[in-house]
Engineer: 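I have a structure I would like to understand better, so I am pasting it below and will then ask my questions one at a time.
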Amino acid sequence: MTAPDFWQLMGFGARGWGRAMLAGALMTLAVAACGLLMGAVIGVIVALAKIGGGAVARALADAYTTILRGIPDLLVIYLFYFGGSSILTPIGHLFGASGFISLPGFLAGSLAIGVVCGAYHAEVFRGAFRAVSRGEIEAALAVGMPPWLRFRRIIAPLALRYALPGLGNVWQIVLKESALVSVTGVVELLREAQIGAGSTRQPFDFFIAAAALYLAITSLSGVALERVERRLSRGMRRA
Amino acid sequence: MLARIVAAAALAALVAVSGGAQSKEWTHVNLGSEGAFPPWNMIGPDGQLAGYEIDLAHDLCRRAKLDCGIGAGEWTSLIPSLNAGKFDMVLGLGINEARKKVVDFTIPYASGAATFSVLKGGPVPQFPLTGERLNLNDKTKADPVMAQIRQILKGKTIGVVQSSSHEQLVHAYFGDDVTVRTYKSSPERDLDLRAGRIDASFDSAVYMNSILDKAENQDLAVTGPLLKGAMLATEVAIGMRKNEPELKAIFDKAIQEATEDGTIRKLSLKWTKVDLSPSSGN
């Protein structure tokens with residue numbers, strides 16, 4: 001591998017892979033962002049169930065986090081993608097459809113990632129909700145805030161402040177997890193690198209380019225996260 | 001009463017589903033390919049599939065007057081995708097007993113061989129019978145040679161692609177005498193061979209020949225006999241789900257024609273520099 005060859009290979013010319021690799025990076029971001037958002041919604045619900053739910057809700061929430069954090073992510077993706085279509089196809093046939101019916105790879109992949117990272121989200125949010133001091137909630141109760149207003153104005157902003165570093169970790173996990181989604185046929189960054197490495201037999205160039213793109217994404221999101229963290233802790237005393 | 005109606009409806013649906021599978025009229029076929037195994041199949045920077053198998057698949061579909069879509073998927077996800085129904089056929093499957101239990105095959109459209117590569121001047125000396133065809137089913141001739149290679153490889157590490165028939169062969173013929181390391185793809189394995197992390201590799205002869213002209217592979221040497229037979233999947237065919245006799249008949253006929261009129265010879269020489277015609281006998 002020499003430098004001019006590398007830039008030609010990763011360039012934007014007719015034989016250059018630059019555009020394909022960037023498209024792969026965008027796909028990685030899209031899958032990861034969708035997964036993260038879905039996971040956040042699941043995470044808040046499960047965290048609330050763990051804290052304030054009845055015995056059944058708590059048991060269900062505990063089972064969910066234990067199972068999803070305890071099995072390999074690839075397995076979950078397989079279950080959603082291949083399992084999903086083996087359930088959907090016969091159902092579709094009953095209603096007169098023919099052929100193969102599946103969740104689109106992107107949907108199955110980001111759903112699987114969402115379900116897995118929801119378990120991590122739940123633990124992060126649970127800790128954050130617990131960290132909101134009792135006094136703040138009592139003050140909200142004292143001025144007569146109804147539950148939803150209390151959650152929106154007091155608990156959520158305070159909890160988010162505590163949750164943010166943990167959410168940053170979850171985001172990094174999700175980004176790397178998104179590389180597994182390629183089994184569904186989604187061409188994200190790592191799969192694009194593998195295609196390029198296989199088709200041109202230049203594995204080093206492609207894996208180095210992929211590593212650089214992953215690092216660019218993670219370090220940029222690190223900077224963004226720090227900004228948000230500073231903004232959310234405006235009212236806090238700095239040690 | 002209700003239960004009986006539901007049961008009857010379910011039974012009718014079941015009959016309809018299985019009946020549909022039995023006498024299927026094929027007009028559109030989804031083919032799957034790895035898309036990263038040149039010269040058999042590869043993907044360009046524009047995302048287009050190319051290679052020997054891609055050209056041949058288009059030719060076969062034209063002969064069979066079928067509308068074919070060819071998609072790419074990771075090697076390890078191809079057979080699950082086939083069974084789930086995403087693909088109807090998978091290109092580039094070597095025929096062997098283990099796979100016959102899972103999928104059905106067309107007649108072969110390429111007849112290759114498998115051989116070894118080592119680092120020039122590395123810890124493993126050259127093997128006997130380099131470049132000569134050897135059929136493992138001819139036991140009286142093949143077994144002494146394989147025993148000799150086993151002796152040479154004793155205590156060494158050999159790299160193969162995971163879930164390949166090459167992996168099955170090294171386990172069966174070299175057993176506990178060698179350490180087997182598996183890789184997701186051949187180029188990844190070659191990186192380790194060049195780095196000296198493994199002592200030898202075992203792969204298809206077409207692949208081995210296709211990498212030797214690359215500058216970074218000048219330290220590699222192809223050695224040992226060109227093997228076929230036993231569990232080796234040197235006969236390459238199209239794999240399909242079990243019990244699709246119509247589809248098999250269509251493609252068997254098309255492959256037969258392409259073999260006889262020289263299309264396979266022409267295409268394989270163009271892409272692999274080797275005549276892979278199934279009838280070449282060796």
Side-chain angles (χ1 to χ4, degrees), chain A residues 1-2 5 9-21 23-24 74 77-78 81-103 105 180-187 190-204 206-207, chain B residues 9-10 12-14 16-18 20-21 24-25 28-30 32 34-51 71-88 184-191 194 207 210-211 213-217 241:
Chain A
M1 185 180 86
T2 56
D5 285 354
L9 193 64
M10 290 300 151
F12 292 87
R15 299 300 303 158
W17 287 74
R19 195 159 311 156
M21 292 294 281
L74 187 59
I77 296 176
Y78 271 129
Y81 188 60
F82 294 120
S85 51
S86 2
I87 294 169
L88 282 180
T89 304
I91 293 177
H93 284 182
L94 286 184
F95 292 98
S98 66
F100 173 63
I101 301 163
S102 74
L103 291 172
L180 300 172
V181 171
S182 58
V183 293
T184 66
V186 171
V187 182
L190 192 63
R191 166 75 179 150
E192 189 64 64
Q194 279 165 346
I195 289 174
S199 295
T200 64
R201 300 243 171 90
Q202 310 272 17
F204 264 135
F206 279 92
F207 292 141
Chain B
L14 207 66
V17 169
S18 55
K24 188 161 178 180
E25 286 284 327
H28 181 90
V29 177
N30 283 319
E34 187 190 6
F37 195 60
W40 301 85
N41 55 72
M42 62 197 99
I43 293 177
D46 52 357
Q48 292 294 312
L49 279 158
E74 269 185 23
W75 175 245
T76 45
S77 77
L78 286 181
I79 288 186
S81 299
L82 181 72
N83 286 330
K86 182 184 175 190
F87 297 131
D88 299 310
K184 275 179 89 174
S185 72
S186 304
E188 287 166 31
R189 189 260 333 275
D190 293 342
L191 287 176
R194 293 206 300 270
Y207 171 78
S210 75
I211 61 162
D213 51 0
K214 291 248 173 196
E216 70 263 28
N217 290 321
R241 282 181 296 276

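Lettering follows sequence order; numbering is per chain, from 1.
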Engineer: Taking the side chain as everything from C-beta on, heavy atoms only, tell me whether Glu188(B) gets closer than 4.5 Å to Pro203(A).
Structural biologist: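 Counting from C-beta outward, Glu188(B) and Pro203(A) never come under 4.5 Å.
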Engineer: Between Pro45(B) and Arg19(A), is any pair of side-chain heavy atoms under 4.5 Å apart?
Structural biologist: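 Pro45(B) vs Arg19(A): side chains apart.
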Engineer: Please state whether the side chain, the backbone, both or neither of Ile211(B) comes within less than 4.5 Å of a heavy atom of chain A.
Structural biologist: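 Ile211(B) touches chain A through backbone and side-chain heavy atoms alike.
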Engineer: Give, as side chain, backbone, both or neither, the part of Ala72(B) having an atom under 4.5 angstrom from any heavy atom of chain A.
Structural biologist: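 Both backbone and side chain of Ala72(B) come within 4.5 Å of chain A.
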Engineer: So for Ser210(B), is it side chain, backbone, both, or neither that comes closer than 4.5 Å to the heavy atoms of chain A?
Structural biologist: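 Its backbone and side chain both get close to chain A.
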Engineer: Please state whether the side chain, the backbone, both or neither of Glu34(B) comes within less than 4.5 Å of a heavy atom of chain A.
Structural biologist: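 It is the backbone, since no side chain atom gets that close.
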Engineer: About how many Å separate OG of Ser185(B) and CZ of Arg201(A), when rounded to the nearest 0.5 Å?
Structural biologist: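 Here the interatomic distance stands at 10.0 Å.
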Engineer: Quick check on Arg191(A) against chain B: is it the side chain, the backbone, both or neither that has a heavy atom closer than 4.5 Å?
Structural biologist: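 Contact with chain B: side chain only.
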Engineer: Please find the pair of heavy atoms, one from Val183(A) and one from Glu74(B), that lie closest to each other, and give the distance.
Structural biologist: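 Where Val183(A) meets Glu74(B) most closely, the heavy atoms are CG1-OE1, 3.7 Å.
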Engineer: Flag yes if more than 12 heavy atoms outside Lys184(B) fall under 6.0 Å of its NZ atom; otherwise flag no.
Structural biologist: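 Counting other residues, nucleotides and ligands, NZ of Lys184(B) stays at 12 neighbours or fewer.
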Engineer: Check whether Gln194(A) gets within reach of chain B through its side chain, its backbone, both or neither, counting any heavy atom under 4.5 Å.
Structural biologist: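 Both parts, backbone and side chain.
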Engineer: Counting C-beta onward and ignoring hydrogens, is there a side-chain heavy-atom pair between Phe204(A) and Leu191(B) closer than 4.5 Å?
Structural biologist: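 Result yes, sub-4.5 Å side-chain heavy-atom pair found.
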Engineer: Looking at Ile43(B), is its backbone amide N or carbonyl O close enough to the side chain of Ser199(A) to form a donor-acceptor pair, meaning the two atoms are under 3.5 Å apart?
Structural biologist: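 Yes, because the side chain of Ser199(A) sits within donor-acceptor range (under 3.5 Å) of the backbone of Ile43(B).
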Engineer: With sequence neighbours excluded, tell me which residues meet side chain to side chain donor-acceptor pair (under 3.5 Å) with Tyr207(B).
Structural biologist: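 Tyr207(B) satisfies side chain to side chain donor-acceptor pair (under 3.5 Å) with Asp190(B) once adjacent residues are dropped.
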Engineer: Among the options Gly47(B), Ser77(B), Gly73(B), Pro38(B), pick out the one with the most heavy-atom pairs lying under 4.5 Å from chain A.
Structural biologist: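 So the answer, after comparing Gly47(B), Ser77(B), Gly73(B), Pro38(B), is Pro38(B).
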Engineer: Answer whether the closest heavy-atom distance between the side chains of Tyr81(A) and Lys86(B) falls below 4.5 Å.
Structural biologist: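 Tyr81(A) reaches Lys86(B) side chain to side chain.
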